[in-house]
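Okay, structure first, notes after.
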2 protein chains.
Amino acid sequence: MAAPVTRRTRNLVHTDPADVPLQDALDALADPVRRSILRELSAEPDFIRACGTFDLPVSKATASHHFAVLRAAGLLEQADRGPRRLNRLRRAEFEARFPGLLALVLAEGTSR
Amino acid sequence: MAAPVTRRTRNLVHTDPADVPLQDALDALADPVRRSILRELSAEPDFIRACGTFDLPVSKATASHHFAVLRAAGLLEQADRGPRRLNRLRRAEFEARFPGLLALVLAEGTSR
DNA sequence: GCGAGTGTACGATGAGCATCGAACATGTCA
DNA sequence: TGACATGTTCGATGCTCATCGTACACTCGC
């Protein structure tokens, strides 16, 4: 029941956060749309939200691009379930690579 | 002896790190030239290095622009001493506003 | 197989920003 | 006052990237 390997899944490439340069991490987090994705994702359990379920102020094509950037920066893991692509925030791994960084993003907009 | 207020100093505006949005901080740190300035600055005592003493791969005009961006992001404090403008890295204040962020930048290139 | 739903790939467009040279401003010292 | 050094400002240029519409690919249920 868990994770049938489809044709699409085979083309899905992930990046180990340990291999991500600081430059790439900062570039990924410098975009407000991408940060909002991360915050929204952090509010729910892993592998619940599909890409299309996010309320973003951009087109479908642009949203897809943002998810690809976040994945390449080691910030999220994706898994195909049927036609949907579910997302997981890589909290622990990314925190180990860049201590404190993700917390700043998730806390953005909170209080102050 | 300390800090004569010249005409130039009066036009020098600083930003309190506490007032800096995460967006501005990330934008400032996303540039490799600016990060190299911060790292170089962190290796020496406060208010020692003038803007012109940094070995940067850009023109004088561009370097000046980078210093202005860093100042606006609450990352450094500047003080005029004669024709030179000396720099101080605002470690503590910036760390208080964005815990862990500056440390990541300063550690970039170390080991690994 | 067909249709609907989901996501990606592609090519084009536009805005923002890093960059530069040159001119200017400021401060020091002779 | 003049010469020199330091740094900023200004306008122009080029590149990168976010954005979009469209077409395509994949998966599932009928």
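Below, chain A is the first sequence line, B the second, and so on; all start at residue 1. As a basis for the values below, the full set of heavy atoms in this structure was taken, side chains included, without hydrogen atoms, waters or symmetry mates.
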Practice task
Pull out every residue in residues 47-64 of chain B that has a heavy atom closer than 4.0 Å to any atom of DNA chain C, ordered by number, or say none.
Solution key: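 Heavy-atom cutoff 4.0 Å gives B/Val58, B/Ser59, B/Ala61, B/Thr62.
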
Exercise for the section: Sort out for me which residue in B/Arg91, B/Arg97, B/Arg90 forms a side chain to side chain donor-acceptor pair (under 3.5 Å) with B/Glu93. Expected result: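 Looking at B/Arg91, B/Arg97, B/Arg90, the match for B/Glu93 under the side chain to side chain donor-acceptor pair (under 3.5 Å) is B/Arg90.
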
Problem - Position toward the 5' end of DNA chain C (nearest nucleotide), B/His66 or B/Gly82 - result: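 Per heavy-atom nearest nucleotide, the more 5' residue is B/His66.
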
Ignoring hydrogens and geometry, is there a side-chain-to-backbone donor-acceptor pair from [X] to [Y] under 3.5 Å?
| X | Y | value |
| --- | --- | --- |
| B/Ser36 | B/Val33 | yes |
| A/Arg34 | A/Ala28 | yes |
| B/Glu77 | B/Asn87 | no |

Do [X] and [Y] have side chains that approach each other closer than 4.5 Å (heavy atoms only, starting at C-beta)?
| X | Y | answer |
| --- | --- | --- |
| A/Thr53 | A/Ile48 | no |
| B/Leu41 | B/Phe54 | yes |
| B/Val69 | B/Asp27 | no |

Handout entry: Interface with DNA chain D, restricted to residues 36-46 of chain B and to heavy atoms under 4.0 Å
Key =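 Nucleic-acid contacts, sorted: none.
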
Classify the nucleic acid contact of [X] as base, sugar-phosphate or nothing, counting any heavy atom under 4.0 Å across all strands shown.
| X | value |
| --- | --- |
| B/Arg10 | nothing |
| A/Asp27 | nothing |
| A/Asp31 | sugar-phosphate |

Practice task
Nearest 0.5 Å please: distance from the CZ atom of A/Arg71 over to the OG1 atom of A/Thr15.
Solution key: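 With rounding to 0.5 Å, CZ (A/Arg71) is 8.0 Å from OG1 (A/Thr15).
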
Handout entry: Separation between CG of B/Leu26 and CZ of B/Phe98, rounded to the nearest 0.5 Å
Key =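 B/Leu26 CG to B/Phe98 CZ: 7.5 Å, rounded to 0.5 Å.
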
Problem - Residue that, paired with B/Leu89, satisfies side chain to side chain contact (heavy atoms under 4.5 Å, CB included) out of B/Ile37, B/Leu38, B/Leu70 - result: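 Among B/Ile37, B/Leu38, B/Leu70, the one that satisfies the side chain to side chain contact (heavy atoms under 4.5 Å, CB included) with B/Leu89 is B/Leu38.
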
Problem - chain A contact limits on DNA chain C, taken 5' to 3' with a cut-off of 4.0 angstrom to heavy atoms - result: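 Under 4.0 Å from chain A, the extent on DNA chain C is C/dG5 to C/dA9.
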
Handout entry: By salt bridge (Lys or Arg N to Asp or Glu O under 4.0 Å) - contacts of B/Arg85 (at least two apart)
Key =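 Applying salt bridge (Lys or Arg N to Asp or Glu O under 4.0 Å) to B/Arg85 gives B/Asp80.
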
Problem - Residues, nucleotides or ligands: over 12 heavy atoms within 6.0 Å of B/Arg84 CZ - result: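 Incorrect, the count does not exceed 12.
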
Handout entry: Connected hydrophobic set around B/Val13, excluding itself, where side chains approach under 4.5 Å
Key =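 Joined to B/Val13, directly or through intermediates: none.
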
Problem - First and last nucleotide of DNA chain D, 5' to 3', lying under 4.0 Å from heavy atoms of chain A - result: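 For DNA chain D, the relevant span reads D/dA18 to D/dC28.
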
